[in-house]
K.L.:
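I have a structure here, written as structure tokens, and I will follow up with some questions on it.
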Number of protein chains: 2
Amino acid sequence: MDQRHATALKAAGMKATPKRLAILEMLEAEPGYASPEELWKRLKDRFDRLGLPTVYRNLEELSASGVLSKVIHPNRQLYYYFCSNREHHHHFVCLSCRKVEDIPACGIEALEQEVSKRNGGKVLSHILQLNGLCGGCADNGEKR
Amino acid sequence: MDQRHATALKAAGMKATPKRLAILEMLEAEPGYASPEELWKRLKDRFDRLGLPTVYRNLEELSASGVLSKVIHPNRQLYYYFCSNREHHHHFVCLSCRKVEDIPACGIEALEQEVSKRNGGKVLSHILQLNGLCGGCADNGEKR
DNA sequence: CCTCTAAATAGAAATGATTTCGTTTTAGAA
DNA sequence: TTCTAAAACGAAATCATTTCTATTTAGAGG
Ligand SMILES: [Mn+2]
Ligand SMILES: [Mn+2]
Ligand SMILES: [Zn+2]
Ligand SMILES: [Zn+2]
């Protein structure tokens, strides 16, 4: 049992079930993001029974509680990844190999202030994602 | 017939059909974003026949050619809006009243360079969106 | 260790936004 | 006016995601 993940789950107010731990282990081992169905196919060998809705539900709950992160993908399907960096930061996502890399800083704070000042609005959240090709994929002619 | 929109369509290599012009007129009059079905319901009175797939198709094509913009919405459904500012810029989207406001500048360029330099990757596109409540909605206690 | 209960899961079925497809209509070039 | 590729129709399909009800289980409390 991975104590780190069990602790993270408890901190999020969630029970540390074997299936949740398995999902976290699998996504942590992954360098990039994965879809619910992919994770399900790879995990269901390790359990007598594992429903696809359970994977969907847990990924969403884990994402909502901040244990996992969700990708905003052009195809509008759901993908999740694991990032242990608790600081506020953003990610570079490779659309070819799915690798997710940290972006150390962003100038969002200035933008938020600008919005508040100019329009009187309130920024509740922001999305900043760079899409492209990572070093490896840019070298090959790959695309997509 | 709105010559500006007809010209924009021609510039995008698309035929200036009455339905496309109607979609553009309606979205331009809108202060915020709208869903395909909403637009369809409001437009089909003005045409003997107007199919929902036609609205979906045109919105997607207009978005792909840059005449319209697409919202990245938390509920993962499709929404589009019209913005005549041809400069590269981003938007503040109110999740309550759907208003879309321009964000004059962003610090993305520095980030892109950082990514290219550090990881050797190539940024093909980026998503930057601030979600929240606009001035009017922040005043009332509204949410959602 | 037991007990107990709210939380988690199973799995079949439903959902519904979006897309597909074969046919018909039309914009606009010639 | 003619002609053709593009656009639109609209019923049907798609399929990722969610819902629902019954069953199981994590873990708090004793
Ligand atoms: Mn990260
Ligand atoms: Mn704009
Ligand atoms: Zn890559
Ligand atoms: Zn608002």
Side-chain angles (χ1 to χ4, degrees), chain A residues 1-3 5-24 26 33-65 67-68 70-80, chain B residues 1-3 5-24 26 33-65 67-68 70-80:
Chain A
M1 177 200 0
D2 193 318
Q3 193 53 50
H5 291 153
T7 303
L9 287 171
K10 184 153 306 181
M14 303 171 75
K15 290 186 180 177
T17 70
K19 286 159 188 180
R20 280 178 181 159
L21 293 171
I23 287 172
L24 290 179
M26 180 147 290
Y33 60 83
S35 73
E37 185 159 13
E38 288 160 0
L39 292 169
W40 173 64
K41 282 180 180 165
R42 290 156 59 190
L43 284 171
K44 64 179 179 175
D45 301 330
R46 299 168 47 180
F47 295 95
D48 300 13
R49 336 176 85 200
L50 173 62
L52 181 54
T54 294
V55 178
Y56 269 93
R57 187 184 340 101
N58 278 315
L59 287 171
E60 186 51 38
E61 290 167 352
L62 291 166
S63 166
S65 66
V67 180
L68 291 180
K70 195 190 297 198
V71 174
I72 294 158
H73 199 280
N75 73 8
R76 292 183 305 115
Q77 293 184 194
L78 293 170
Y79 300 96
Y80 300 86
Chain B
M1 175 200 0
D2 192 320
Q3 193 54 49
H5 291 153
T7 302
L9 287 171
K10 185 153 307 179
M14 302 172 75
K15 291 186 180 176
T17 70
K19 286 160 187 180
R20 279 179 182 160
L21 292 172
I23 287 172
L24 291 179
M26 181 147 287
Y33 61 84
S35 73
E37 186 160 13
E38 287 160 0
L39 292 170
W40 173 64
K41 282 180 179 165
R42 289 156 59 188
L43 285 171
K44 63 180 180 175
D45 300 331
R46 300 167 48 179
F47 295 96
D48 300 13
R49 334 176 86 200
L50 173 61
L52 182 54
T54 293
V55 178
Y56 269 93
R57 188 185 339 102
N58 278 315
L59 288 170
E60 185 52 37
E61 289 166 353
L62 291 167
S63 165
S65 67
V67 181
L68 291 180
K70 195 189 297 197
V71 173
I72 294 158
H73 199 279
N75 72 8
R76 292 185 307 115
Q77 292 184 194
L78 293 169
Y79 299 96
Y80 299 86

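By convention in this document, chain letters (A, B, ...) are assigned in the order of the sequence lines, proteins followed by strands, and residues within each chain are numbered from 1.
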K.L.:
Below the 4.0 Å mark, does D/dA7 have OP1 or OP2 next to a side-chain nitrogen or oxygen of B/Asn58?
P.N.:
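No, B/Asn58 has no side-chain N/O under 4.0 Å of OP1/OP2 on D/dA7.
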K.L.:
Is there a side-chain polar atom (N or O) of B/Ser35 under 4.0 Å from OP1 or OP2 of C/dA17?
P.N.:
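B/Ser35 to C/dA17 OP1/OP2: no side-chain N or O under 4.0 Å.
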K.L.:
For C/dT9 and A/Arg57 - does any side-chain N or O of the residue sit under 4.0 Å from the phosphate oxygens OP1/OP2?
P.N.:
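Indeed, a polar side-chain atom of A/Arg57 lies that close.
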K.L.:
Counting side-chain heavy atoms from CB outward, which of C/dA29, C/dT9, D/dT18 is closest to A/Tyr56?
P.N.:
D/dT18
K.L.:
Working note: A/Glu37 + A/Tyr56, criterion side chain to side chain donor-acceptor pair (under 3.5 Å); need CA distance, chi angles, decisive distance, verdict.
P.N.:
CA-CA 8 Å; A/Glu37 185 159 13; A/Tyr56 269 93; 5.7 Å; no
K.L.:
Looking only at the side chain of A/Arg76 (C-beta and beyond, no hydrogens), which of the listed nucleotides C/dT18, C/dA17, D/dA28 gets closest?
P.N.:
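Of all the options, the side chain of A/Arg76 is nearest to C/dT18.
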K.L.:
Any side-chain N or O of B/Arg49 under 4.0 Å from OP1/OP2 of D/dG10?
P.N.:
yes
K.L.:
Among D/dT17, C/dA27, C/dA8, which is the nearest nucleotide to the side chain of A/Lys15?
P.N.:
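Looking only at heavy atoms from C-beta outward on A/Lys15, the closest nucleotide is C/dA8.
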K.L.:
Out of D/dT17, C/dA17, D/dG10, which has the shortest distance to the side chain of B/Gln77?
P.N.:
C/dA17
K.L.:
With respect to the side chain of A/Thr17, which nucleotide from C/dA8, C/dA10, D/dT17 is positioned closest?
P.N.:
C/dA8
K.L.:
Nearest heavy-atom pair of A/Ala12 and A/Val67: which atoms, and what distance?
P.N.:
CB-CG2, 4.2 Å
K.L.:
Assign A/Arg20 to base, sugar-phosphate, or nothing according to its heavy-atom contacts below 4.0 angstrom with the strands shown.
P.N.:
sugar-phosphate
K.L.:
Can you tell me which nucleotide in D/dT19, D/dG10, D/dT17 comes closest to the side chain of A/Pro53?
P.N.:
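Nearest to the side chain of A/Pro53 among the choices is D/dT19.
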